[in-house]
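Numbering of ligands and ligand atoms starts at 1, following listing order. Note: hydrogens, waters and symmetry copies are ignored here, and every other heavy atom, side chains too, is used.
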Amino acid sequence: MVMHLRRLGITDDAILEAMQRVHRHRFIPAAFRGSGDYGDHPCPIGHGQTISQPYIVAYMTQRLRAKPGLKVLEIGTGSGYQAAVLAELGAEVWSIEIVPALAAHARAVLDAEGFREVRTRLGDGHAGWPEAAPFDAIIVTCAPTGVPPELIRQLRHDGRMVLPIGLPDDQRLLTLRKEGDRLVPEDDIGVRFVPMVRPEP
Ligand code: SAH
């Protein structure tokens, strides 16, 4: 997997080593595990959701410039795998998930795999995590149709946000840097993520 990621342009050795150390298959619920757990494709984790493909995890982590001590907010805990990769790199991670069963699964796996320091919360990511703000970086792993304003507020000046934006058939993965109250685009590739949903009334 790591050689494949290197060929695709993931040059940060710390990220490649962290991804080698985190056991991706343990984050995939037993019912969905199979021989393809380390292939470069998304895998189902139940509730219509997927764990992102390794390349996208590596790419987003590289664009965030994750490093020891970086304070990161993740929206869309899902399986917990992306949060674990960030924590393995030494980042301080806060992560929010809207589906209760996934939030519970991720918490259990993070604890079992030694990532007790990752903070998780059940809730709607549109609101961010105001008590812990500001964050040095924000990673959104589901796709909103626009940048949620509360997340812009909770990002520190000069901080980076990496997120997919748009509808399933027309999505861009953006890297944005905050300058004053503005977000300045740094990078943009085409991708496909699950939508960022609103809580049911
Ligand atoms: N980062 C995950 C992949 C997550 S898939 C991993 O490493 O496995 C996207 C996740 O975003 C799903 O679990 C979905 O339930 C969640 N999600 C969608 N809308 C959300 C919202 N408004 N707030 C928080 N999480 C949300």
Side-chain angles (χ1 to χ4, degrees), residues 1 5 15 18-19 21-33 36-64 66 72-89 91 93-110 112-113 115 118-130 132 135 137-151 154 161-168 171 173 191-201:
M1 180 173 94
L5 294 178
I15 294 177
M19 288 184 65
R21 286 193 302 268
V22 178
H23 303 117
R24 185 169 192 259
H25 67 278
R26 303 230 177 105
F27 289 83
I28 301 174
F32 298 96
R33 265 179 223 163
D37 296 350
Y38 289 87
D40 196 16
H41 49 75
C43 290
I45 52 174
H47 308 276
Q49 304 301 332
T50 53
I51 179 172
S52 303
Q53 81 187 73
Y55 171 64
I56 292 293
V57 172
Y59 177 84
M60 292 178 86
T61 305
Q62 186 160 284
R63 295 304 309 175
L64 274 186
V72 181
L73 174 65
E74 179 190 30
I75 308 300
T77 317
S79 68
Y81 177 68
Q82 172 77 70
V85 169
L86 289 167
E88 184 67 29
L89 279 160
V93 186
W94 278 255
S95 184
I96 306 175
E97 170 57 50
I98 200 166
V99 176
L102 290 175
H105 162 83
R107 184 69 263 163
V109 182
L110 287 166
E113 294 298 302
F115 296 103
V118 170
R119 280 84 153 184
T120 56
R121 158 186 285 190
L122 176 64
D124 177 11
H126 289 95
W129 197 317
F135 296 94
I138 299 182
I139 176 171
V140 184
T141 66
C142 44
T145 47
V147 184
E150 196 50 44
L151 298 186
Q154 293 180 24
M161 190 181 312
V162 180
L163 81 172
I165 291 264
L167 300 170
Q171 266 182 27
L173 182 54
V191 285
R192 189 180 276 240
F193 277 74
V194 302
M196 182 166 182
V197 298
R198 295 278 179 186
E200 285 169 24

>> Counting only heavy atoms closer than 4.0 Å, does ligand 1 sit against the backbone of Glu74, its side chain, both, or neither?
In response: side chain
> Between the side chain of Gln171 and the main-chain N/O of Phe193, is any donor-acceptor distance below 3.5 Å?
Replying inline: yes
> Which is it for Leu102 and ligand 1 at heavy atoms under 4.0 Å: side chain, backbone, both or neither?
Replying inline: side chain
> What residue and heavy atom of the protein are closest to atom 5 (S) of ligand 1, and at what distance?
Replying inline: Thr50 O, 3.1 Å
>> So for ligand 1, is Gln82 a polar contact partner (N or O within less than 3.5 Å, distance only)?
In response: yes
> Gly123 near ligand 1, heavy-atom distance under 4.0 Å?
Replying inline: yes
> What is the nearest protein non-hydrogen atom to atom 12 (C) of ligand 1, stated with its residue, atom name and distance?
Replying inline: Gln49 OE1, 3.3 Å
> Should the proximity of Pro199 to ligand 1, defined as any heavy atom under 4.0 Å, be assigned to the side chain, the backbone, both, or neither?
Replying inline: neither
> Does some side-chain heavy atom of Phe115 sit less than 4.5 Å from a side-chain heavy atom of Val22?
Replying inline: yes
>> Please check this pair: side chain of Thr141 against backbone of Ile75, looking for a donor-acceptor N/O pair closer than 3.5 Å.
In response: yes
>> Closer than 4.0 Å to some heavy atom of His126 - which atoms of ligand 1 meet that?
In response: 22 (N)
>> Would you say CZ of Arg198 has more than 12 non-hydrogen atoms from neighbouring residues, nucleotides or ligands within 6.0 angstrom?
In response: no
> Heavy-atom distance to atom 2 (C) of ligand 1: which of Ile75, Ile51, Thr77, Ile28 wins?
Replying inline: Thr77
>> If I take atom NE2 from residue His41 and atom OG1 from residue Thr50, how far apart are they, to the nearest 0.5 angstrom?
In response: 11.5 Å
> Side chain, backbone, both or neither: which part of Val194 comes within less than 4.0 Å of ligand 1 when only heavy atoms are counted?
Replying inline: side chain
>> For atom 9 (C) of ligand 1, what's the nearest protein heavy-atom neighbour? Residue, atom name and distance, please.
In response: Thr141 O, 3.4 Å
> Does the side chain of Ser79 pick up a donor-acceptor pair with the side chain of Gln49 at under 3.5 Å?
Replying inline: no
> Who's the nearest protein heavy-atom neighbour of atom 11 (O) of ligand 1, and how far?
Replying inline: Gly76 CA, 3.3 Å
> Under 3.5 Å, side chain of Asp124 to main-chain N/O of Pro199, donor-acceptor pair present?
Replying inline: no
> Which residue supplies the protein heavy atom nearest to atom 20 (C) of ligand 1, what is that atom called, and how far is it?
Replying inline: Ile98 CG2, 3.6 Å
> So, the side chain of Glu88 versus the backbone of Met19: is there a donor-acceptor pair under 3.5 Å, distance only?
Replying inline: no
> Would one find an N or O of Asp124, backbone or side chain, under 3.5 Å from an N or O of ligand 1?
Replying inline: yes
>> What I'd like to find out is whether the side chain of Leu86 reaches to under 4.5 Å of the side chain of Ile139, using heavy atoms alone.
In response: yes
> Taking the non-hydrogen atoms of Ala84, is any one of them nearer than 4.0 angstrom to ligand 1?
Replying inline: no
>> If we ignore hydrogens and angles and just use 3.5 Å, is the side chain of Thr120 paired with the main-chain N or O of Arg107 as donor and acceptor?
In response: no
> What protein heavy atom is closest to atom 19 (N) of ligand 1, reported as residue, atom name and distance in Å?
Replying inline: Val197 N, 3.0 Å
